[in-house]
Chemist: 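Here it is, the structure, as structure tokens.
Because only heavy atoms are used, hydrogens play no part in the values below, and waters and symmetry mates are left out as well, while side chains stay in. Numbers restart at 1 for each chain; the letters A, B, ... are given by sequence-line order, proteins then strands.
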Number of protein chains: 2
Amino acid sequence: MERGKLWTVEAVAERLGVTPRTLHYYEEKGLIPEVPRTPGGHRVYDEDTIERIEHILRLKEALGYSLQEIRSILSTEDQLKTYRARIAEGREPEHNVQMLSESVRLLEDVVRHIDDKMMRLAAMREHYMDRLTRIRARLEREEEATKAVEFQDQKGE
Amino acid sequence: MERGKLWTVEAVAERLGVTPRTLHYYEEKGLIPEVPRTPGGHRVYDEDTIERIEHILRLKEALGYSLQEIRSILSTEDQLKTYRARIAEGREPEHNVQMLSESVRLLEDVVRHIDDKMMRLAAMREHYMDRLTRIRARLEREEEATKAVEFQDQKGE
DNA sequence: TCAGAAACTCACGTCAACGTGAGGTTTAGG
DNA sequence: CCTAAACCTCACGTTGACGTGAGTTTCTGA
């Protein structure tokens with residue numbers, strides 16, 4: 001996993017299964033910071049940015065968040081990073097507790113959202129599994145019946 | 001649960017947390033069969049139709065299916081019902097196995113889709129939980145530190 | 001019976017999340 | 001050094017899933 005490798009739009013797009021337009025769009029909408037350019041103006045993506053985009057796509061596809069919501073989630077995550085940095089630097093230590101509490105609240109929110117979604121999914125899975133089991137049983141009986149008929153046919157030849 | 005109770009659009013809309021327009025739209029797009037009318041042309045919903053709409057909303061909100069995909073899922077479910085009916089009637093018994101196998105395939109597909117989604121969610125949940133635990137621990141330490149400082153302050157008064 | 005609430009049918013509006021050229025510039029390989 | 005492929009920036013187009021009146025008709029309860 002060559003560290004420091006750089007990517008073109010098309011390469012990133014192919015790797016992530018999206019189009020270059022989507023990458024431009026995310027940048028345009030502020031979901032990712034302005035991507036560095038070559039002297040000629042071509043975008044150059046590094047691994048960190050790509051991971052951020054992967055994160056966005058997961059939030060979008062797995063959780064069904066809108067880009068609006070994703071931007072808000074990401075911005076709070078960025079906030080958390082800033083907090084961590086400031087805390088690490090030891091500046092404004094009187095606000096550490098407040099900042100950390102805020103972080104906890106935000107993360108708990110996301111987890112709650114995920115849990116909610118998982119419960120709905122579990123319920124639906126159960127629903128479909130019930131039907132599946134019933135039909136499988138039924139199928140097995142039918143196959144037995146078919147075999148029996150074939151046996152009869154053979155006897156009749 | 002009064003069986004046979006009938007509902008107006010507005011009542012259904014309120015019960016399901018959508019607008020009348022949405023109900024009209026689903027009918028327009030063939031997601032639900034044409035709803036029966038009063039002599040004057042007002043729609044009258046029965047419990048079966050409402051359950052179908054609830055099902056649609058679950059597929060949409062929990063699984064993130066598009067209405068297109070939902071229509072295809074529902075149409076295969078309807079197909080399954082036709083199969084069941086025909087099997088129950090004992091007509092064309094030579095196709096039972098084939099129809100049942102098809103049903104199994106369709107249901108397995110939906111379940112696979114659900115499983116896939118749940119796994120992604122589980123992964124994301126873990127990711128966020130990790131961060132949450134770390135921050136909570138950090139917060140606890142900070143709170144201890146704050147209390148210690150307060151204690152110092154009291155001594156200093 | 002009759003007024004006001006609720007429904008109906010167009011049909012155009014909207015918003016997010018990109019798609020799609022057009023027209024011009026940069027880059028990489030031979 | 002040169003050309004084809006890749007990239008750039010507008011800026012308008014598209015699609016899905018409804019929203020939003022306008023104008024008219026139907027329903028319901030006092």
Side-chain angles (χ1 to χ4, degrees), chain A residues 2 5-46 49-50 52-75 113 120, chain B residues 5-46 49-50 52-75 113:
Chain A
E2 245 181 283
K5 186 180 174 189
L6 299 181
W7 301 64
T8 70
V9 257
E10 195 142 298
V12 175
E14 187 172 354
R15 171 172 161 187
L16 301 185
V18 298
T19 70
R21 174 62 172 133
T22 300
L23 301 176
H24 293 164
Y25 186 68
Y26 289 175
E27 186 177 351
E28 201 179 311
K29 292 290 162 177
L31 289 168
I32 51 179
E34 282 196 13
V35 177
R37 311 295 186 102
T38 66
H42 287 196
R43 267 165 267 248
V44 174
Y45 294 81
D46 63 2
T49 305
I50 295 177
R52 188 184 178 92
I53 299 170
E54 280 183 312
H55 190 189
I56 292 173
L57 293 174
R58 275 199 301 275
L59 284 169
K60 187 169 115 64
E61 284 154 24
L63 282 175
Y65 280 118
S66 73
L67 294 190
Q68 281 262 18
E69 295 170 307
I70 292 175
R71 185 167 48 192
S72 122
I73 291 175
L74 289 180
S75 87
H113 196 108
R120 288 162 193 263
Chain B
K5 185 180 176 189
L6 298 180
W7 301 65
T8 71
V9 257
E10 194 143 298
V12 175
E14 188 171 354
R15 170 172 162 189
L16 301 184
V18 298
T19 70
R21 174 63 172 133
T22 301
L23 301 176
H24 292 165
Y25 185 69
Y26 289 175
E27 185 178 352
E28 202 179 310
K29 291 289 162 179
L31 289 168
I32 52 179
E34 281 197 14
V35 176
R37 312 294 189 102
T38 66
H42 287 195
R43 267 165 268 246
V44 175
Y45 294 81
D46 63 1
T49 305
I50 296 176
R52 188 184 179 91
I53 299 171
E54 280 183 312
H55 191 190
I56 292 172
L57 293 174
R58 275 198 303 275
L59 284 169
K60 186 168 115 66
E61 285 153 23
L63 281 174
Y65 280 118
S66 72
L67 295 189
Q68 280 263 15
E69 296 170 307
I70 292 175
R71 185 167 47 190
S72 123
I73 291 175
L74 289 180
S75 88
H113 197 107

Chemist: Side chain of A/Lys60: nearest nucleotide among C/dA16, C/dC18, C/dA6?
Modeler: C/dC18
Chemist: Whole angstrom is fine here: how far is it from CD in B/Glu28 over to P in C/dA11?
Modeler: 12 Å
Chemist: Do A/Arg21 and A/Glu28 come close enough that some side-chain heavy atom pair is under 4.5 Å?
Modeler: yes
Chemist: Between D/dA17, C/dA7, C/dT27, which nucleotide has the shortest distance from any of its atoms to the side chain of A/Pro39?
Modeler: C/dT27
Chemist: Could you walk me through whether B/Leu31 and B/Tyr25 pass the side chain to side chain contact (heavy atoms under 4.5 Å, CB included) check?
Modeler: CA-CA 9 Å; B/Leu31 289 168; B/Tyr25 185 69; over 6 Å; no
Chemist: Mapping B/Ala11 and A/Leu67 onto DNA chain C by nearest heavy atom, which one lands closer to the 5' end?
Modeler: B/Ala11
Chemist: What's the CD-C1' distance between A/Glu10 and D/dA4, to the nearest Å?
Modeler: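 In whole Å, D/dA4 C1' and A/Glu10 CD are 14 Å from each other.
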Chemist: Hey, are A/Ser72 and A/Ser75 close enough side-chain-wise for a donor-acceptor pair under 3.5 Å?
Modeler: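 A/Ser75 vs A/Ser72: no donor-acceptor pair found between side chains.
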Chemist: Taking all atoms of both residues into account, what is the closest heavy-atom pair of B/Val35 and B/Ile32, and its distance?
Modeler: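 Heavy atoms only, the tightest pair is CG2-CD1, 4.2 Å.
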Chemist: Strictly below 4.0 Å, heavy-atom distances to any atom of DNA chain C: list the hits from residues 18-27 of chain A, or just say none.
Modeler: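 Here the set is A/Thr19, A/Arg21, A/Thr22, A/Tyr25, A/Tyr26.
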Chemist: Using heavy-atom distances to pick each residue's nearest nucleotide on DNA chain D, tell me which of B/Tyr65 and B/Gly40 is more 5'.
Modeler: B/Tyr65
Chemist: Whole Å only: how far is the OH atom of A/Tyr45 from the C1' atom of D/dC8?
Modeler: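 Rounded to the whole Å, the gap is 12 Å.
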Chemist: When you measure from the side chain of A/Thr8, which nucleotide among D/dC27, C/dA17, D/dC7 comes out closest?
Modeler: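 From the listed options, D/dC7 comes nearest.
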Chemist: Would you indicate, yes or no, if C/dT25 has its OP1 or OP2 atom less than 4.0 angstrom from a side-chain nitrogen or oxygen of A/Arg37?
Modeler: no
Chemist: Tell me the interatomic distance from A/Leu59, atom CG, to C/dA16, atom P, rounded to whole angstroms.
Modeler: 19 Å
Chemist: Can you tell me the distance, in whole Å, between the NE2 atom of B/His42 and the C1' atom of C/dA7?
Modeler: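 So the two atoms are 4 Å apart, to the nearest Å.
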Chemist: Keeping the roles fixed (side chain from A/Arg71, backbone from A/Lys29), state whether a donor-acceptor pair exists under 3.5 Å.
Modeler: yes
Chemist: Test your reading of the model: is there a side-chain donor-acceptor pair from B/Glu69 to the backbone of B/Ser66, 3.5 Å cut-off?
Modeler: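 Yes.
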Chemist: List the atom of A/Val44, the atom of A/Arg37, and the distance in Å for their closest heavy-atom pair.
Modeler: CG2-C, 4.4 Å
Chemist: D/dT9, OP1 or OP2 - any side-chain N/O from A/Arg43 closer than 4.0 Å?
Modeler: yes
Chemist: It should be established whether A/Thr38 places a side-chain nitrogen or oxygen under 4.0 Å from OP1 or OP2 of nucleotide C/dT26.
Modeler: no
Chemist: Rounding to an integer number of Å, can you tell me how far B/Trp7 CH2 sits from C/dA6 P?
Modeler: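 In whole Å, C/dA6 P lies 16 Å from B/Trp7 CH2.
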